[in-house]
Amino acid sequence: MADVPSDAPEHCPGTSSDQAGKTSACQGCPNQTICASGAAKAPDPAIEEIRQKLTSVKHKILVLSGKGGVGKSTFSAHLSHALVALLDVDICGPSIPKIMGLEGEQVHQSGSGWSPVYVEDNLAVMSIGFLLSSPDDAVIWRGPKKNGMIKQFLRDVDWGEVDYLIVDTPPGTSDEHLSIVQYLSSAGIDGAVIITTPQEVSLQDVRKEIRFCIKVKIPIIGVIENMSGFVCPKCKNTSQIFPPTTGGAQRMCEELNLPLLGSVPLDPRIGKSCDEGKSFLTEVPDSPAAVAYQNIVQSKLSKSQQASLY
């Protein structure tokens with residue numbers, strides 16, 4: 001949970017819980033006395049600090065999916081190429097430095113906080129990957145340390161004046177997601193884009209993510225079906241690599257009354273561009289997948305952003 005102190009034991013109920021300082025997990029914790037007294041339930045002052053820090057960021061959009069391997073980071077990277085800034089809060093699996101061609105870059109301190117790493121003059125990126133000595137280093141952290149890192153990213157990074165901050169998240173509905181929701185509670189989250197693939201094994205977990213958004217009151221901008229068929233770059237025929245056995249994202253969106261922002265077909269050149277740290281939209285701008293990305297950003301996502309979000 002996002003309100004767990006960094007020095008708390010593994011099963012800490014959180015400082016805002018009615019059980020704070022009272023459960024067996026609290027035994028031996030240095031915070032037990034203050035938690036039991038109720039004094040720890042005061043709002044984390046970092047929430048207001050983060051609100052003030054992010055006043056220069058007009059819109060904050062989360063990229064979510066309950067399922068891993070559906071292309072969240074790839075979509076986040078391409079979305080940031082169109083919309084300015086990208087924060088990677090996948091603490092244990094930071095792939096954004098590789099995708100953005102920024103491996104080996106380091107974070108620098110300035111008078112106004114941490115300076116993000118720039119792909120271009122108008123595209124800023126922050127990831128824990130920049131703080132590791134090697135891209136092969138494992139981040140073996142429990143929840144409280146993850147939460148502390150996310151808090152530091154939100155409070156200390158100097159993004160400057162930007163229109164959009166895209167937040168790339170790990171799969172699931174756990175520590176990182178709760179941290180983002182809590183720490184941005186005053187700064188405000190404009191909404192979430194949900195990524196899925198067509199098959200039911202993905203949709204099943206994505207429905208959980210949608211229910212998470214509803215429970216924590218994150219507006220859902222819409223759903224994107226990634227890997228939606230394979231368009232052969234030579235013959236242009238489409239094959240269903242991941243058959244939508246239960247109707248895919250289209251049916252799910254109809255059932256849940258959510259907008260389907262678009263479908264992006266598989267293209268092996270996307271993977272190649274990510275491995276090389278290049279923008280697929282720039283490398284192959286006329287491909288069906290690139291056109292789908294551009295259509296989502298320009299005609300669907302921008303309209304949803306301007307209108308009242310779901």
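Values in this document were obtained by computation on a predicted structure and should not be read as measured data.
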- So Cys92 and Lys146, side chain to side chain contact (heavy atoms under 4.5 Å, CB included) or not? Walk me through it. CA-CA 9 Å; Cys92 293; Lys146 293 181 183 178; 3.6 Å; yes
- Give the C-alpha distance, both sets of side-chain angles, the deciding distance and a yes or no for side chain to side chain contact (heavy atoms under 4.5 Å, CB included) between Tyr293 and Leu79. CA-CA 8 Å; Tyr293 271 117; Leu79 190 58; over 6 Å; no
- Mind running side chain to side chain contact (heavy atoms under 4.5 Å, CB included) on Glu209 and Phe212 for me, showing each step along the way? CA-CA 5 Å; Glu209 196 77 36; Phe212 167 81; 3.9 Å; yes
- Task: Could you walk me through whether Thr74 and Ile270 pass side chain to side chain contact (heavy atoms under 4.5 Å, CB included), step by step?
- Result: CA-CA 8 Å; Thr74 301; Ile270 295 178; 3.7 Å; yes
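The side-chain contact (heavy atoms from CB on, under 4.5 Å) test with Leu62 is passed by exactly one of Asp190, Leu87, Ile220, Ile218: Ile218.
Under a hydrophobic-cluster definition in which Ile, Leu, Val, Met, Phe, Trp and Tyr are linked whenever side-chain heavy atoms come within less than 4.5 Å, directly or via other members, Val162 and Tyr118 are assigned to different clusters. Under the 4.5 Å side-chain heavy-atom criterion for ILVMFWY residues, no single connected hydrophobic cluster contains both Met227 and Val206. Cluster membership check: Val291 does not share its hydrophobic cluster with Phe280, using side-chain heavy-atom separations under 4.5 Å among Ile, Leu, Val, Met, Phe, Trp and Tyr. Both Ile47 and Val57 are assigned to one and the same hydrophobic cluster, defined by single-linkage of ILVMFWY side chains at heavy-atom distances under 4.5 Å. In the hydrophobic cluster analysis, where Ile, Leu, Val, Met, Phe, Trp and Tyr join through side-chain heavy atoms closer than 4.5 angstrom, Val231 is grouped apart from Ile296.
Looking at heavy atoms from C-beta onward, Lys67 lies in side-chain contact with Val201 at the 4.5 angstrom threshold. Val193 has its side chain within reach of Ile224: a pair of non-hydrogen atoms, C-beta onward, lies under 4.5 Å apart. With contacts defined as side-chain heavy-atom distances shorter than 4.5 Å, the pair Ile61/Val167 does not qualify. Side-chain contact between Ser202 and Phe242 is absent, with no heavy atoms from C-beta onward closer than 4.5 Å. At least one side-chain heavy atom of Leu184 sits less than 4.5 Å from a side-chain heavy atom of Leu54. Using a 4.5 Å heavy-atom threshold, the side chains of Met252 and Ile210 count as touching.
Summarising the geometry, atom CD1 belonging to Ile150 is positioned 13.5 Å from atom NZ belonging to Lys145; distances are rounded to the nearest 0.5 Å. The OG1 atom of Thr196 lies 11.0 Å from the CD atom of Gln204; values are rounded to the nearest 0.5 Å. Atom CG of residue Leu178 and atom OG1 of residue Thr173 lie 7.5 Å apart, to the nearest 0.5 angstrom.
One N or O on the side chain of Ser56 and one on the backbone of Gly160 form a donor-acceptor pair closer than 3.5 Å. Of the possible polar contacts, one joining the Glu225 side chain to the Ala249 backbone as a donor-acceptor pair under 3.5 Å is found. With His177 contributing its side chain and Ser174 its backbone, the two residues share a donor-acceptor pair below 3.5 Å. Counting only distance, with no hydrogens or angles, the side chain of Ser127 and the backbone of Phe130 share no donor-acceptor pair below 3.5 Å. Between the side chain of Thr197 and the backbone N or O of Gln199, no donor-acceptor pair lies under 3.5 Å. Distance alone, capped at 3.5 Å, places no donor-acceptor pair between the Ser76 side chain and the Asp168 backbone. Judged purely by atom type and a 3.5 angstrom limit, Thr238 has no side-chain atom pairing as donor or acceptor with the backbone of Gly229. Between the side chain of Ser134 and the main chain of Asp136, a donor-acceptor pair closer than 3.5 Å is present.
Salt bridge status for Glu48 with Arg51: present, with a side-chain N to carboxylate O gap under 4.0 Å. A salt bridge is defined here as a Lys NZ or Arg NE, NH1 or NH2 lying under 4.0 Å from an Asp or Glu carboxylate O, and Asp90 with Lys72 fails to meet this definition. Here Asp205 pairs with Lys208 in a salt bridge; the nearest charged N to carboxylate O distance falls below 4.0 Å.
Nearest heavy-atom pair, Pro219 versus Ile189, reported as atom, atom and distance to 0.1 Å: CD-O, 4.0 Å. In this structure, Pro198 and Asn226 approach most closely via the heavy-atom pair CD-O, 3.4 Å. Of all heavy-atom pairs spanning Leu123 and Ala85, the tightest one is CD1-N, 4.3 Å. The heavy-atom pair separating Val89 from Glu176 by the smallest distance is O-CG, 3.5 Å. Annotation for Cys213 and Ala192: closest pair SG-CB, 4.2 Å, computed over non-hydrogen atoms. Shortest non-hydrogen contact noted between Ile99 and Ser73 is CD1-CB, 3.8 Å.
Residues Asp137 and Ser133 have side chains that bring a donor and an acceptor to within less than 3.5 angstrom of each other. No hydrogens or angles considered: nothing links the side chains of Gln27 and Ser24 as a donor-acceptor pair under 3.5 Å.
Evaluation of the salt bridge (Lys or Arg N to Asp or Glu O under 4.0 Å) test over residues 109-130, restricted to residues two or more places apart or in two chains, returns none. Under the salt bridge (Lys or Arg N to Asp or Glu O under 4.0 Å) criterion, the residue pairs touching residues 152-167 are Glu49-Arg155, Lys58-Asp163, with sequence neighbours excluded.
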